[in-house]
Amino acid sequence: MARFVVRRADEAQYLSPGPLAPEAVGMTRWRAVGEQDGAAHTDFGLTRLEPGGSTATHMHSFEESFHLIEGEVILATPEATVHLVAGDYGIIPIGVPHAWRAIGDTVAVWSDLFTPPARERYGSDTYRVPELPVIDPVRVDARDPRTRSFGNITTEHMNPGKQSQELLAVSGSMRTALLIYTGISLKMMVDSDLGATLGTLFMVQYEPEGRAGPHDHPLEEAYLILDGEVASTFDGEEFLLRPGDIAWAGVGCVHSFAATGAQVRWLETQAPQMPARHAYRFVRDWDYLKDQLEEEL
């Protein structure tokens, strides 16, 4: 079984979600990575909900993280009914009843991570539950405790020059923080602060000079390219990833990334969550150690 998967945008197959979304109307999903690929922690794909579409209220025995890419949708949970728009993201913890409903005249599209993967042989680990009461939806706001399981990200959040509190004007928390490396910016989205316990979801941006050398992790990662093109390697095989492409790197898969002369942006997931130490194993560091040991022996 390969330790990585690359799926091209033109290979996308949107199929009925089946038991994943009971009584679904107008909903389809592209499962780009899952158990069939050898993933133990990652079921990653794209879901589409047509205008007028909806699901019955249900819950899962897996954790669901999502990021709305296009359109608008209503997500009802016991904590809040939320009007989501493009750029919004959130977490649906294990065992939380929820239902999706389309709003507006355009198709809603969101990426989603199920961890652990939904198992078709067990009814997709999904359970129909009584309907939630109908209440007026609220918008995502980092200051509103009713939407504490949600957040919002825009291209401005990825701009290193607009990270002051005055410019962001929301809240001084990790919901607005940007981590900046040499040519690489990272904005955390779904993590333990939002209520996730099994996976994370974040945005990555490479400037034209941005690159990450060969490395691997004790966890699984998935990537959805949103803008630009990135030269990548997975276990020594080279790929040029373009918008709409999805890739997955399993535990121990050595991978690398380099921008191709323009800014690149992608959505990334990790499952399980990154450990506090030894989350990265860079090839160059261990090569250095090998050389040093050979000199000493």
For this session: Could you tell me if the ring centre of Tyr280 sits under 6.0 Å from that of His217?
Result: yes
Seminar exercise, completed: Per side-chain contact (heavy atoms from CB on, under 4.5 Å), Arg31 is matched among Gln13, Glu120, Arg7 by Glu120
Seminar exercise, completed: For Gly213 and Ser256, the nearest pair of non-hydrogen atoms, with its separation, is C-CB, 3.8 Å
Exercise. Does any non-hydrogen side-chain atom of Met203 lie less than 4.5 Å from one of Leu267?
Worked result: yes
Exercise. If only atom types and distance count, is the side chain of Thr77 paired as donor or acceptor with the main-chain N or O of Glu79 below 3.5 Å?
Worked result: yes
Exercise. How far apart are the C-alpha atoms of Asp10 and Arg8, what are their side-chain angles, what is the distance that settles it, and do they pass the salt bridge (charged side-chain N to carboxylate O under 4.0 Å, His left out) test?
Worked result: CA-CA 5 Å; Asp10 57 9; Arg8 298 300 185 180; over 6 Å; no
Problem set entry | Modelled atom types, side-chain donor and acceptor of Thr197 and Glu63, under 3.5 Å | yes
Exercise. When the aromatic ring centroids of Trp266 and Tyr206 are compared, is their separation below 6.0 Å?
Worked result: yes
Exercise. Is it the case that one hydrophobic cluster holds both Phe234 and Val204, taking links as side-chain heavy atoms less than 4.5 Å apart, direct or via other members?
Worked result: yes
Exercise. Can you find a side-chain donor-acceptor pair between Thr200 and Gln273 that sits under 3.5 Å?
Worked result: no
Seminar exercise, completed: When every non-hydrogen atom of Leu219 is compared with those of Pro275, the smallest separation belongs to CD2-CD, 4.0 Å
Problem set entry | Co-membership, hydrophobic cluster, residues Phe66 and Leu20, 4.5 Å side-chain | no
Exercise. Just checking, any donor-acceptor pair under 3.5 angstrom between side chains of Glu207 and Gln205?
Worked result: yes
For this session: Can you establish whether the number of heavy atoms outside Glu238 located under 6.0 Å from its atom CD is more than 12?
Result: no
Exercise. Can you get from Leu226 to Val33 by hopping between Ile, Leu, Val, Met, Phe, Trp and Tyr side chains that sit under 4.5 Å apart?
Worked result: yes
For this session: Establish whether Val85 and Phe150 are linked, either directly or via other cluster members, by ILVMFWY side-chain heavy-atom contacts under 4.5 Å.
Result: no
Exercise. What about Phe257 and Leu186, same hydrophobic cluster or not, with Ile/Leu/Val/Met/Phe/Trp/Tyr joined at side-chain heavy-atom distances under 4.5 Å?
Worked result: yes
Exercise. Salt-bridged, Arg29 to Asp112, with N to O below 4.0 Å?
Worked result: yes
